[in-house]
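Scroll down for the structure; my scribbles are underneath it.
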Amino acid sequence: MEKKMDYTKIPKEKFAFYQRDENIHDKKLDTKPVGYFRDAMGRFARNKSSVAAAVIIALLILYAVIIPYAGGNKYTNSPSDTMYLRYANLLPKSSLFDWAGWDGCTDETLSKSDYYARLAIGQETGMNPIVKMYREDYVAKDTLSNTTYYDVRIDSYLKNGMLYLSLTPEEYTAIQQWQNETGIQVIYPAVDTSEFKLATLKTDANIWYQCNQKGAPKLDRNNNLIPLYKTSGNDGNYDSLRIPGDDGSYKYAVLMGTSTSPAYNVRVFSYTYFQYRYGFEPSFLFGTNAYGQDILTRLANAARFSMVFAICVSAVNLLIGAFYGAFEGYYGGKVDLVMERISDILSGVPFVVVVTLFKLHLAKQVGALPSLLFAFVLTGWIGMASKTRMQFYRFKNQEYILAARTLGASDFRLMFGHIFPNALGTLITGAVLYIPNVVYSESNLTYLGIVNLDSTTRTSIGSMLSAGQPVMSTFPHVVLFPSIFIALLLITFNLFGNGLRDAFNPSLRGTED
């Protein structure tokens, strides 16, 4: 049998008597109450893909805001500068990524005359655009002529070589002073073009040597180029740096114009002239476009415009749609019926038709940008109104609404003080997801040329893609970086919006642990 415990033998010191005069209370909770938005942000933080998307969006926004002002030089801030065309389609270049081929160079096949013209740049300036020789002086098998070719790797920043410029006396003097201060040669000797019969040879600033009418050089006994520098005439008393081998007889300018309005026609090295003109050596991380504009800065301007425009459109549509949908959903009945029919009629109008009509008629009065904004707003609020209407139908008959109405709350207070805050999460999510749609639509319209937003101070991603299409096969970088940017923007905004949707709608969350 089981032995029973004798409680009478328990020592008295084992007992602790209850203090009857002590008040008993529930222990205070250690945790703090979590608000709606804080709880939503906690769920959002657990969605790793959405958090990563938010970080990328922040970086894209910083890029769009900071880059246009970070350069601080005349080149990136003067899109109307005519010198831009001198530096068109330069390839991406960065000293940090030389090892990856990001050196501003490209592989080309040159004819004999083109090869010597590029080689002459290096001999005259000491900066050879031909950085590597793959194969030289060969005859292509698929041609019937005996023309020889050269496979080389060439620096796009140096291959333009010399340029002919017409300078005022003040500009001519200023360049000479800059040369003396920096020790960098900008102006090179003028060429005696009287021996050339072809106009192309006369206007090619890189031909400073004797050559036949096809542009092939005439070499001396040592296979060196024979210079054709001008040794007579008035060069404005040039008094600055001279090239090696010049004993003072070479002329560095050709006097043009009249005695009252003189001008000097000079040969300048495009690379060092860029340094003189803009204060830094040409090196563009994303290269330049067909107009010679810096793609890095141009894309940042386009991104800033697209994002600001999309956010403004989304905010206006949210405001209009929220009020419209609130009145629909709250009052219902005939009010809802009439307002819904108005929405149906507007939603049936094709968006492209709206944009085209606004461009043809409204843009003349208010401009292209405001007319495009009106086109997006005319029908863009309908989706937001529909979301708001559904949320009001969901909440307006809840017990807390009936209680508030019983206590005398006005319709406006019930709509925007009690119902609307509960619908805010869904509306915010819809507004965020609408931003990439606006960017995509605006880019399509500008790419197709339906809307033209391009100017010296403003551009769009679609305009950049359209301008780069003709040179896409030869200079793919012109469209590569805008394409990457818009792809990143659309993908990350959609991931970010999906994360907000899961955060504000716990029933839809699928990423919670």
Side-chain angles (χ1 to χ4, degrees), residues 75-76 83-143 147-163 200 204-207 215-217 268-275 277-278 280-299 464-485:
Y75 188 81
T76 56
M83 283 304 298
Y84 267 40
L85 294 175
R86 308 285 186 173
Y87 305 99
N89 297 321
L90 296 179
L91 298 177
K93 183 177 182 180
S94 172
S95 57
L96 297 177
F97 302 105
D98 280 346
W99 54 272
W102 207 310
D103 54 359
C105 299
T106 183
D107 296 336
E108 293 186 10
T109 298
L110 304 178
S111 65
K112 187 172 184 178
S113 58
D114 289 337
Y115 168 74
Y116 274 98
R118 301 293 179 266
L119 196 64
I121 296 172
Q123 292 187 10
E124 188 176 30
T125 65
M127 303 176 71
N128 194 353
I130 300 175
V131 298
K132 189 175 183 180
M133 174 70 70
Y134 297 115
R135 189 163 56 145
E136 60 181 320
D137 203 15
Y138 71 94
V139 178
K141 295 181 180 179
D142 56 348
T143 60
T147 303
T148 57
Y149 296 93
Y150 298 79
D151 291 339
V152 298
R153 185 165 181 81
I154 193 164
D155 191 329
S156 65
Y157 289 76
L158 298 175
K159 74 174 184 178
N160 288 331
M162 299 294 169
L163 306 171
T200 54
D204 190 346
N206 288 316
I207 306 299
V268 299
F269 186 28
S270 61
Y271 190 91
T272 54
Y273 181 77
F274 188 101
Q275 292 178 258
R277 185 75 179 271
Y278 304 111
F280 66 101
E281 291 189 56
S283 179
F284 300 103
L285 186 63
F286 288 176
T288 62
N289 61 13
Y291 299 101
Q293 297 162 332
D294 178 19
I295 294 177
L296 178 71
T297 306
R298 196 74 170 162
L299 179 58
M464 295 185 68
L465 292 173
S466 179
Q469 186 178 5
V471 296
M472 186 167 55
S473 59
T474 52
F475 302 102
H477 71 279
V478 177
V479 296
L480 175 63
F481 296 106
S483 300
I484 292 176
F485 183 89

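What you see is a predicted model; the values in this text were computed from it and never measured.
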Original post:
So which of Ile121, Asn160, Leu163 actually passes side-chain contact (heavy atoms from CB on, under 4.5 Å) with Asn206?
Top reply: Ile121
Reported [atom1]-to-[atom2] distance for the pair [X] and [Y], which is rounded to 0.5 angstrom:
| X | Y | atom1 | atom2 | value |
| --- | --- | --- | --- | --- |
| Tyr157 | Lys93 | OH | NZ | 6.5 Å |
| Ser94 | Asp103 | OG | CG | 10.5 Å |
| Phe274 | Phe269 | CZ | CZ | 13.0 Å |
| Cys105 | Ile130 | SG | CD1 | 11.5 Å |
| Met127 | Thr272 | CE | OG1 | 8.0 Å |

Residue pair [X] / [Y]: nearest heavy atoms and the distance that separates them:
| X | Y | answer |
| --- | --- | --- |
| Trp102 | Pro92 | NE1-CB, 2.8 Å |
| Ile154 | Val131 | N-CG2, 4.4 Å |
| Gly104 | Ser156 | O-OG, 2.7 Å |
| Val478 | Thr288 | CG2-O, 4.0 Å |
| His477 | Asn89 | CE1-O, 4.2 Å |
| Met133 | Arg135 | SD-O, 3.5 Å |

**OP:** Mind running side chain to side chain contact (heavy atoms under 4.5 Å, CB included) on Phe481 and Leu285 for me, showing each step along the way?
**Re:** CA-CA 11 Å; Phe481 296 106; Leu285 186 63; over 6 Å; no
**OP:** State whether a side-chain donor-acceptor pair under 3.5 Å links Asp137 with Tyr115.
**Re:**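 No, no side-chain donor-acceptor pair sits under 3.5 Å.
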Original post:
Taking the six-membered ring for Trp, are Tyr278 and Phe280 parallel (under 30°), tilted (30 to 60°) or perpendicular (over 60°)?
Top reply: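 Correct class here is tilted.
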**OP:** Measure the acute angle between the ring planes of Tyr150 and Tyr116, then classify it against the limits of 30° and 60° as parallel, tilted or perpendicular.
**Re:** perpendicular
Original post:
So, do Asn289 and Met464 sit near enough that their side-chain heavy atoms are less than 4.5 Å apart?
Top reply: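 Sidechains of Met464 and Asn289: no contact.
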Subject >> Candidate list Arg118, Arg153, Lys159, test side-chain hydrogen bond (donor to acceptor under 3.5 Å, both in side chains), partner Glu108, passing option >> reply: Lys159
